[in-house]
There are 4 protein chains.
Amino acid sequence: MGEPAAPGRKSIGAKRNPESADAILDAAEAVLAEAGYPGFSIEAVARRARAGKPTIYRWWPSKAALLIEIYQRQKRVEVPDTGALEEDLAGFLVNLFAHWRDTSSGNVFRSLIAEAQSDKAAAAALADYAKGRRAHTGRMIERAKARGEVAADIDAELVADLVASFAWTHLLTNRLDEDEATIRTAVRYVVQGVTPP
Amino acid sequence: MGEPAAPGRKSIGAKRNPESADAILDAAEAVLAEAGYPGFSIEAVARRARAGKPTIYRWWPSKAALLIEIYQRQKRVEVPDTGALEEDLAGFLVNLFAHWRDTSSGNVFRSLIAEAQSDKAAAAALADYAKGRRAHTGRMIERAKARGEVAADIDAELVADLVASFAWTHLLTNRLDEDEATIRTAVRYVVQGVTPP
Amino acid sequence: MGEPAAPGRKSIGAKRNPESADAILDAAEAVLAEAGYPGFSIEAVARRARAGKPTIYRWWPSKAALLIEIYQRQKRVEVPDTGALEEDLAGFLVNLFAHWRDTSSGNVFRSLIAEAQSDKAAAAALADYAKGRRAHTGRMIERAKARGEVAADIDAELVADLVASFAWTHLLTNRLDEDEATIRTAVRYVVQGVTPP
Amino acid sequence: MGEPAAPGRKSIGAKRNPESADAILDAAEAVLAEAGYPGFSIEAVARRARAGKPTIYRWWPSKAALLIEIYQRQKRVEVPDTGALEEDLAGFLVNLFAHWRDTSSGNVFRSLIAEAQSDKAAAAALADYAKGRRAHTGRMIERAKARGEVAADIDAELVADLVASFAWTHLLTNRLDEDEATIRTAVRYVVQGVTPP
DNA sequence: CTGTAATCGAGACGGTACGTCTAGTCTTAGG
DNA sequence: CCTAAGACTAGACGTACCGTCTCGATTACAG
């Protein structure tokens, strides 16, 4: 990632050149890492990737599309399965905070959320993505429900929403350095609220 | 708010002209209401306010500063005090969602959050503001604690954080039309989690 | 000429496909007729002809080459032979003005001259073509010389040059609607200048 | 002319900065001289002048406008007055050929004619300019008419048109190196044609 | 009562980025 | 070896804003 150029790249015929696609995504990631969201322009990406702007626009109609693809090709945060919901959710959040803090993922996702405030397509893509993640995170709660750890009438996705919102807000307000203890406490408040009496 | 122009406004001597300041803030609000965050540029505000750009830059060094001032001069959401925490928090959220949905405040705050992802000053101001709001919201929990409705060792601001995060995330993903029932359910999960056994 | 497409044209093996060549020239002419010189791009011709750009570049290395071939396959202006030089030259110019005015030839030739100002090859081709035309037109003067209507020491090509220049300049400044009387007058000035005393 | 930069040029308030205008015209001239018409782009001029593109577009809506202004601020060719029409016209053409050949004027005017084939505004400006020049050149013929050297019913502008067309065509086909003798001969043909019997 | 200093609208300035267009080259897949 | 197709790098197009600058007019207040 981030190598300054791929000098002699050419067309490989009437089909997409995956080298170019990679170079563009790498460049986008590098630009975002080095100059952050304010410096993230299609021009800068094209310069960095030694790609023509139309090549970028051909495959990614907007900055948002680029951001989404960058975000999605990055390593996912693993979802723990310890047999205890509080442990699972706390582990998940701790992992997520660390992932966002220690890789460029945090910047990418922050940028995507920001972009979604200007760009309808980005908003739709983000909504979609967020919905998927809530479902995904919700499975932790469903498993707990199956174990009888959570009451049967609990809305798993709503719980996932509470947990994810906590993470998003910390990301957006530069509070990814939150204490692990605090994260666990927040999770505990929610988990206790959904524990059957 | 939003009158198209204030044609013959001039300097009133060697001091700030409050008419200009008002015209600029009004224009900024109107631009944001009409064109949204993507159309919110200093140029557009200056045009709308019939003000010179330097006049804007003199008093508000960035878009973020303008956004903050607009947001803060808008009417606050009232914090209920019904004697029952769940009722208080649910009412607060319902009011907040309605306020964001039905006035331009939602757009203003969304824009401010987006801007904070590019602009350090905006980020600091937003962090500051959010901290204040958590404290403010936290007082609802403190009151419940005083009533014995909430366990004594509960971190009131953390609870406020969970609740506010839920609201922010809905704002940022265009889900302000959430069912009142769903909002109440989410609040109940958290409140039950902090209720003493 | 100008049919919008030749949809299923394919290679006919290891040799030039004359259908393609025709389709390309037809398309070029049509593009020039409809969008004029500013809209005349290789891309547009390729789109219109349903041809690949490389197919065009293989046979015509530049826009100029295309223009020259289009111009040359168009019907020539006939050179009158009335037995009187003034009549011949005036008739020739009137025909030429009408031809340029009423067919796409005028646009083609204008474009070629314009292109020759950027493109060395076009310039050479144009110079060559113009030389040939001067020789051709010069024959009218040579015939008159043989009849004794023109002095023996007159440079026939130079006279042809004067006459052709008059036409070119009118073409380039959109004055093809010049009165026939004015054209005849101009011709008369020149013819009288070369008449023996 | 053509100095590479004017580094610290700034706005001088809400009015046009003549330094910028000069720098842009100088740069345009230099670009045309060095890269010719094919290399003459607004971008290149802006780069060379260290000016923003919008500054150029603010004052010159098209390349044509720039070309016209460059051409017009260049030194004019002087119109001789020897008392003999043939001498006057021959001298004028010889001067004009030399001027076009030895300064950048030839390139500028060639470019302007080429541009006029794409750009309506340039066409209009060129038509206008050419009309003025014909009138101007026509004065040489009018003077000769007053001296009785030319018949009274001769259309002076038409004669001027013949002479100018000869020059234009030589410019456009790279024949500015024409022999002085040939130029004089051509002029003689025309002058003799308008001499009273 | 006059001069100074800060303010105002206005708009030009050098720049950067936008998203689109064309140029000319290259490769593929198939006739 | 030709064809259609279309991707590729490169860079110009004309526009929108950015944040800075200077202007000339205006007016409060200090001397």
Side-chain angles (χ1 to χ4, degrees), chain A residues 6-17 19-21 39 41-44 46 49-59 61-63, chain B residues 6-17 19-20 39 41-44 46-47 49-59 61-63, chain C residues 6-17 19-20 41-44 46 49-59 61-63, chain D residues 6-17 19-21 23 39-44 46 49-59 61-63:
Chain A
R9 201 163 2 92
K10 288 287 173 66
S11 164
I12 57 168
K15 65 179 187 192
R16 186 170 188 180
N17 184 346
E19 272 188 62
S20 286
S41 68
I42 298 284
E43 295 250 351
R50 280 190 170 284
K53 280 197 287 175
T55 302
I56 300 184
Y57 282 107
R58 192 180 343 267
W59 303 111
S62 65
K63 278 199 270 195
Chain B
R9 202 165 359 93
K10 289 285 173 67
S11 166
I12 56 168
K15 65 177 187 191
R16 184 172 187 180
N17 184 343
E19 271 188 64
S20 287
S41 68
I42 299 285
E43 294 252 351
R47 253 194 315 270
R50 280 189 171 288
K53 280 198 287 177
T55 305
I56 300 185
Y57 281 107
R58 192 180 339 266
W59 303 112
S62 66
K63 276 199 274 194
Chain C
R9 200 162 4 89
K10 288 286 172 65
S11 166
I12 57 169
K15 64 180 185 191
R16 183 172 186 180
N17 184 343
E19 268 188 65
S20 287
S41 67
I42 298 285
E43 294 252 350
R50 280 190 168 288
K53 279 198 287 176
T55 304
I56 299 184
Y57 280 107
R58 192 183 328 277
W59 303 110
S62 66
K63 276 199 273 193
Chain D
R9 203 164 359 95
K10 288 285 173 68
S11 166
I12 56 167
K15 66 179 186 191
R16 186 170 188 179
N17 184 345
E19 271 187 63
S20 287
F40 181 68
S41 68
I42 299 283
E43 295 249 353
R50 280 190 173 287
K53 278 197 287 174
T55 303
I56 300 185
Y57 281 107
R58 192 175 352 263
W59 302 111
S62 65
K63 277 198 271 194

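Order of the sequence lines sets the chain letters (A, B, ...), proteins ahead of strands, with each chain counted from 1.
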Novice: Identify the heavy atoms of C/Gly52 and C/Ala46 that sit nearest to each other, and give their distance.
Specialist: C-CB, 4.5 Å
Novice: Does any non-hydrogen side-chain atom of D/Thr55 lie less than 4.5 Å from one of D/Arg58?
Specialist: yes
Novice: Hey, is the side chain of D/Ser11 poking within less than 4.0 Å of OP1 or OP2 on F/dT20, counting only N and O atoms?
Specialist: no
Novice: May I ask you to verify whether the side chain of D/Lys53 and the base of F/dG14 hold a donor-acceptor pair under 3.5 Å?
Specialist: yes
Novice: What pair of heavy atoms forms the shortest contact from D/Ala44 to D/Gly39, and how long is it?
Specialist: CB-O, 3.9 Å
Novice: Using only atom types and a distance under 3.5 Å, with no angle test, would you say the side chain of A/Arg50 pairs donor to acceptor with the backbone of A/Arg9?
Specialist: no
Novice: Rounded to whole Å, please give me the gap between CD1 in B/Ile56 and P in E/dT7.
Specialist: 16 Å
Novice: Reading DNA chain F from 5' onward, which residue's closest nucleotide shows up sooner: A/Asn17 or C/Ala46?
Specialist: C/Ala46
Novice: Below 4.0 angstrom from OP1 or OP2 of F/dC17, is there any side-chain N or O of B/Arg47?
Specialist: yes
Novice: How close do D/Asn17 and D/Lys10 get, heavy atom to heavy atom, and via which atoms?
Specialist: ND2-O, 2.8 Å
Novice: Is the distance from OP1 or OP2 of E/dC8 to the nearest side-chain N or O of B/Trp59 less than 4.0 Å?
Specialist: yes
Novice: OP1 or OP2 of E/dG9 versus the side-chain N and O atoms of B/Ser20: is any pair under 4.0 Å?
Specialist: yes
Novice: Would you mind reading off the distance between D/Lys10 atom NZ and E/dC13 atom P, rounded to a whole angstrom?
Specialist: 14 Å
Novice: Pick the nucleotide of DNA chain F nearest each of B/Tyr57 and D/Lys15; which residue has the one closer to the 5' end?
Specialist: B/Tyr57
Novice: Any side-chain N or O of D/Thr55 below 4.0 angstrom from OP1/OP2 of E/dA12?
Specialist: no
Novice: Is the phosphate of E/dT7 approached by B/Arg9 (side-chain N or O, under 4.0 Å from OP1 or OP2)?
Specialist: no
Novice: Is there a donor on the side chain of A/Ser41 or the base of E/dA17 sitting less than 3.5 Å from an acceptor on the other?
Specialist: no
Novice: Give the nucleotide from the list E/dC13, F/dC13, E/dT7 with an atom nearest to the side chain of D/Arg16.
Specialist: E/dC13
Novice: What integer distance in Å separates C/Glu43:CD from F/dA5:P?
Specialist: 14 Å
Novice: Among E/dT22, F/dC17, E/dG9, find the nucleotide with the atom closest to the side chain of A/Pro54.
Specialist: E/dT22
Novice: Please give, in whole Å, the distance from F/dC8 P to A/Glu19 CD?
Specialist: 11 Å
